[in-house]
Amino acid sequence: MTDAAALPGQPRGGVLSGPATPRAVNVLAPNASAMTLDGTNTWIVSEPGSELAVVVDPGPLDDGHLRAVVDTAERAGKRVALTLLTHGHPDHAEGAVRFAELTGTRVRALDPALRLGDEGLGAGDVITMGGLELRVVPTPGHTADSLCFHLPADGAVLTGDTILGRGTTVVAHPDGRLGDYLDSLRRLRSLTVDDGVHTVLPGHGPVLEDAQGAVEFYLAHRAHRLAQVETAVEDGFRAASEVVAHVYADVDRSLWPAAELSVRAQIEYLEDHGLI
């Protein structure tokens, strides 16, 4: 068994559900799969001593899970006052409308189609609720509408699917674009260097206690995969499915459809930059 401290980002061991930082509590959704890892992390974020809480990514349309989120907040003496979405994939956002019904909250997201209420989310927005401060960080790449939320008081960032607690994420072509994703990773790296971010609160998998190490690992991984795809294309593997079978031969075949999306994004990037 590998020591967790040696893994990228230093994933925290133990139970995933429960308190992660002084201001963030995770309620794990029961939707574990090869793509969602242990399930979707639904984050309840609030200022200590405040009666108001913000929920990030209510998760799938699972009434038991959504009620568990409300119950967890209420047991802590909190009322959910706002719902935020990191992006629109169903495992994060499908339950948002039902959750809004249960809590009477607005839903704020980058994509207007996902919002309930007039307010969206964008670069530079700062969300305040009961003394809590969350800063919106645009991080397109996994999807065009992907956002992260910087929690400066805890030196943490909620990353949705932009950085996972285990493994790496998919650049979901054609909506996701590799160039955007690399820029987003560099934006997150600047948070770790300049803004004191040391903890990743991901959309799936365990909390990471070395945010900078996680970002550097992701950047190195992307550079390595891009070089592999470039070589494969130069060697005559033209179709994305052929590149996947060649480059991702050591990866579980059930993940190949997702890998093909990333390969399509990488081929597009290489073509746009005149590299193939």
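Side-chain atoms are counted along with the backbone in the values below, which use heavy atoms only and exclude waters and symmetry mates. Start at 1 with the first residue, then count along the sequence.
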> So, T162 versus T159: side-chain donor-acceptor pair below 3.5 Å or not?
Replying inline: no

Table please: side-chain donor-acceptor pairs of residues 268-276 below 3.5 Å, with sequence neighbours left out.
unit_1, atom_1, unit_2, atom_2, d
E268, OE1, R177, NH1, 3.3
D272, OD2, R177, NH2, 3.4
H273, ND1, Y269, O, 2.9

> Hey, does L132 have a side-chain heavy atom less than 4.5 Å from the side chain of V54?
Replying inline: yes

> Can you tell me if D111 uses its side chain to pair, donor with acceptor, with the backbone of H87 under 3.5 Å?
Replying inline: no

> When rounded to the nearest 0.5 angstrom, what distance separates CZ in R23 from CD in E47?
Replying inline: 4.0 Å

> So which heavy atom on G167 is nearest to which on Y218, and how close?
Replying inline: O-OH, 2.9 Å

> Is R67 salt-bridged to D63, cutoff N-O under 4.0 Å?
Replying inline: yes

> Is any side-chain heavy atom of V56 less than 4.5 Å from a side-chain heavy atom of H92?
Replying inline: no

>> Please determine whether side-chain contact (heavy atoms from CB on, under 4.5 Å) holds for the pair R225 and V247, giving the CA-CA distance in whole Å, both sets of side-chain angles, and the decisive distance to 0.1 Å.
In response: CA-CA 8 Å; R225 282 296 194 208; V247 172; 3.7 Å; yes

>> So which atom in A96 and which in P58 form the shortest heavy-atom distance, rounded to 0.1 Å?
In response: CA-CG, 3.7 Å

>> Would you compute the distance between atom CG of D62 and atom CZ of F99 and round it to the nearest 0.5 angstrom?
In response: 12.5 Å

>> Less than 4.0 angstrom from a charged side-chain N to a carboxylate O is my criterion; do R79 and E74 meet it?
In response: no

> Are L7 and L208 close enough that some pair of their side-chain heavy atoms sits under 4.5 Å apart?
Replying inline: no

> Quick check: does any side chain N or O of W256 sit under 3.5 Å from a backbone N or O of V251, one acting as donor and the other as acceptor?
Replying inline: yes

>> Can you confirm whether D194 is buried at CG, in the sense that more than 12 heavy atoms of other residues, nucleotides or ligands lie under 6.0 Å from that atom?
In response: yes

> Is R12 paired with E209 through a side-chain N to carboxylate O contact shorter than 4.0 Å?
Replying inline: yes

>> Run the salt bridge (charged side-chain N to carboxylate O under 4.0 Å, His left out) test on R264 and E260 for me, step by step, so that the C-alpha distance in whole Å, both residues' side-chain angles and the decisive distance to 0.1 Å come before the verdict.
In response: CA-CA 6 Å; R264 290 182 184 278; E260 185 169 331; 2.8 Å; yes

>> Would you compute the distance between atom CG of L147 and atom CZ of R135 and round it to the nearest 0.5 angstrom?
In response: 16.0 Å

Which side-chain N or O atoms in residues 32-41 pair as donor and acceptor under 3.5 Å with protein atoms at least two apart or in another chain?
unit_1, atom_1, unit_2, atom_2, d
S33, OG, M35, N, 3.2
S33, OG, T36, N, 3.0
S33, OG, T36, OG1, 2.9
T36, OG1, N31, O, 2.5
T36, OG1, S33, N, 3.0
D38, OD2, R166, NH1, 3.3
D38, OD2, R166, NH2, 3.4
T40, OG1, N31, ND2, 3.0
T40, OG1, D91, O, 2.8
N41, OD1, N26, ND2, 3.1
N41, ND2, P202, O, 2.9
N41, ND2, G205, O, 3.0

>> Within the 4.5 Å heavy-atom criterion, are V157 and F149 side-chain neighbours or not?
In response: no

> Can you list the steps and then say if D210 with H198 is a side-chain hydrogen bond (donor to acceptor under 3.5 Å, both in side chains)?
Replying inline: CA-CA 6 Å; D210 175 14; H198 49 73; over 6 Å; no

>> Return the CD to CG distance between E94 and L85, rounded to the nearest 0.5 Å.
In response: 12.0 Å

> Hey, is the main chain of S46 close enough, under 3.5 Å, to the side chain of K78 for a donor-acceptor pair?
Replying inline: no

>> What's the separation between atom OG1 in T139 and atom CG in L185, rounded to the nearest 0.5 Å?
In response: 9.0 Å

>> Run E101 and V97 through side-chain contact (heavy atoms from CB on, under 4.5 Å) and show every step you take.
In response: CA-CA 6 Å; E101 292 174 354; V97 172; 4.2 Å; yes

> Checking side-chain contact (heavy atoms from CB on, under 4.5 Å) for the pair V25/T72: CA distance, chi angles, key distance, verdict?
Replying inline: CA-CA 9 Å; V25 174; T72 300; 4.3 Å; yes

> How far apart are the C-alpha atoms of V69 and V55, what are their side-chain angles, what is the distance that settles it, and do they pass the side-chain contact (heavy atoms from CB on, under 4.5 Å) test?
Replying inline: CA-CA 8 Å; V69 175; V55 164; 3.9 Å; yes

> Would you say T169's side chain and D161's backbone share a donor-acceptor pair under 3.5 angstrom?
Replying inline: yes

>> If only side-chain N and O atoms count, and only distance matters, is there a donor-acceptor pair under 3.5 Å linking T105 with T83?
In response: yes

>> Would you say V107 ends up clustered with L110 if hydrophobic residues are merged whenever their side chains have heavy atoms under 4.5 Å apart, either directly or through other cluster members?
In response: no

>> Tell me the closest heavy-atom pair linking G88 and D145, and the distance in Å.
In response: N-OD2, 3.0 Å

>> For the backbone of A109 and the side chain of R115, can you confirm whether one donor and one acceptor N or O come within less than 3.5 Å of each other?
In response: yes

>> Rounded to the nearest 0.5 Å, what separates atom NE2 in H89 from atom CG in L114?
In response: 10.5 Å

>> So does D57 get a backbone contact from the side chain of T42, meaning a donor-acceptor N/O pair under 3.5 Å?
In response: yes

> Pick from Q266, R238, H246: which one makes a side chain to side chain contact (heavy atoms under 4.5 Å, CB included) with V233?
Replying inline: R238

> Can you name the nearest heavy-atom pair linking A258 to V170, along with the distance?
Replying inline: O-CG1, 3.5 Å

> Looking at L201, T21, L16, which hits side chain to side chain contact (heavy atoms under 4.5 Å, CB included) with V207?
Replying inline: L201

>> Working note: D195 + H150, criterion side-chain hydrogen bond (donor to acceptor under 3.5 Å, both in side chains); need CA distance, chi angles, decisive distance, verdict.
In response: CA-CA 10 Å; D195 294 283; H150 177 200; 5.5 Å; no

>> Counting only heavy atoms from other residues, nucleotides and ligands, does the tally under 6.0 Å from CD of E242 exceed 12?
In response: yes

> Mind checking whether L151 and V136 sit in one hydrophobic cluster, side chains of I, L, V, M, F, W, Y counted as touching below 4.5 Å?
Replying inline: yes

> Any idea which heavy atoms bring V243 and A232 closest together, and the distance?
Replying inline: CG1-CB, 4.2 Å

>> Ring centres under 6.0 Å, that's the criterion: do H173 and H142 meet it?
In response: no

>> On the six-membered ring of Y181, is R186 placed so that its NZ or CZ lies under 6.0 angstrom from the centre and within 45° of the ring axis?
In response: no

> So which heavy atom on V263 is nearest to which on Y248, and how close?
Replying inline: CG2-CE1, 3.5 Å

> Under 4.5 Å between side-chain heavy atoms, hopping through other hydrophobics if needed: is there a path connecting L164 to V197?
Replying inline: yes

> Do V27 and L52 sit in the same hydrophobic cluster, where Ile, Leu, Val, Met, Phe, Trp and Tyr count as joined when their side-chain heavy atoms come under 4.5 Å apart?
Replying inline: no

> Can you name the side-chain contact (heavy atoms from CB on, under 4.5 Å) partners of D235, sequence neighbours left out?
Replying inline: T231, F237

> Quick one: does S184's side chain have a donor or acceptor within less than 3.5 Å of a partner on P140's backbone?
Replying inline: yes

> Can you get from I127 to L191 by hopping between Ile, Leu, Val, Met, Phe, Trp and Tyr side chains that sit under 4.5 Å apart?
Replying inline: no

